[in-house]
Trainee: 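Got a structure for you, questions after.
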Amino acid sequence: MKLIVAVLRKEDESDTVAELNKNGFFVTELATTGGFLREKNTTLLIGTEDCKVEAVLSILRQEASVRKSVTFATSPMESGNLCPGGNYSVPIDTQVGGCTVFVLPMEKLEKF
C-alpha cells in the first residue's frame, strides 16, 4: 500500500479530483497555503495499492502539471498621445499549474 500526498494549485483541484474519482480513487482534500508564495493550494491524500500508483501519477500529470498560459498586462499610454486614456495590452507567457507529489509506504488502509 502507498499513501500519495499531492500538493497542487487550488485552481486545478476540481478537475483533478473528478478525474481521480472517475477512475475509482478515493481522495481526501485539505486546504493548504504555500510557504514561499503564500498562494492557496490543495493537498490531496490518496491511499492506493502499489500496482495503481502509476495510474494516480498519470492522472496528476494530466490534470495538474505545469503548462504555459498567456496573460495580458495592460499599460497606459503616455499622456499627450493621439488617443487620450488609451491602453494597450502586452502578452506575457507564464507558467501555471504544477504539482508536487510524495509517494510514501503505508502499512495499512482501513475505511470505516
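All values below come from the heavy atoms of this structure, side chains included, with hydrogens, waters and symmetry mates left out. Fair warning: this is a prediction, and the values are worked out from it, not measured in the lab.
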Trainee: Consider only side-chain heavy atoms of I, L, V, M, F, W and Y, link residues closer than 4.5 Å, and tell whether Leu104 and Ile46 are in one cluster.
Mentor: no
Trainee: Within a strict 4.5 Å, meaning less than it, do heavy atoms of the Glu49 and Lys2 side chains meet?
Mentor: no
Trainee: Rounded to the nearest 0.5 Å, how far does CG of Asn41 lie from OG1 of Thr33?
Mentor: 7.0 Å
Trainee: Please name the pair of heavy atoms, one in Glu19 and one in Asn23, separated by the smallest distance, quoted to 0.1 Å.
Mentor: O-ND2, 2.8 Å
Trainee: Could you tell me which non-hydrogen atom of Leu44 sits nearest to which non-hydrogen atom of Thr42, and how far apart they are?
Mentor: CD2-CG2, 3.7 Å
Trainee: Could you measure the distance from the CG atom of Leu60 to the CG atom of Leu8? Nearest 0.5 Å is fine.
Mentor: 7.0 Å
Trainee: What closest approach, in Å, do Leu3 and Gly47 show between heavy atoms, and which atom pair accounts for it?
Mentor: CD1-N, 4.4 Å
Trainee: Report the C-alpha distance between Thr16 and Val27 in whole Å, list the side-chain angles of each, state the deciding distance to 0.1 Å, and finish with yes or no for side-chain contact (heavy atoms from CB on, under 4.5 Å).
Mentor: CA-CA 10 Å; Thr16 303; Val27 179; over 6 Å; no
Trainee: Are Val101 and Val5 close enough, and set up right, to give a side-chain contact (heavy atoms from CB on, under 4.5 Å), and what steps lead you there?
Mentor: CA-CA 6 Å; Val101 181; Val5 179; over 6 Å; no
Trainee: What closest approach, in Å, do Thr48 and Phe25 show between heavy atoms, and which atom pair accounts for it?
Mentor: OG1-CE2, 3.6 Å
Trainee: Using side chain to side chain contact (heavy atoms under 4.5 Å, CB included) as the criterion, list what pairs up with Ser14, not counting sequence neighbours.
Mentor: none
Trainee: In this structure, would Leu45 and Phe26 fall into the same cluster of hydrophobic residues linked by side-chain contacts under 4.5 Å?
Mentor: no
Trainee: Return the minimal non-hydrogen interatomic distance between Glu29 and Val17, and the atom names on each side.
Mentor: OE2-CG1, 3.7 Å
Trainee: Is Leu109 reachable from Leu30 through a run of hydrophobic residues whose side-chain heavy atoms are each under 4.5 Å from the next?
Mentor: yes
Trainee: Would you give the length of the straight line joining atom OG1 of Thr43 to atom CD of Glu13, rounded to the nearest 0.5 angstrom?
Mentor: 10.0 Å
Trainee: Calculate, to the nearest 0.5 Å, the distance between atoms NZ and CE belonging to Lys52 and Met1 respectively.
Mentor: 9.5 Å
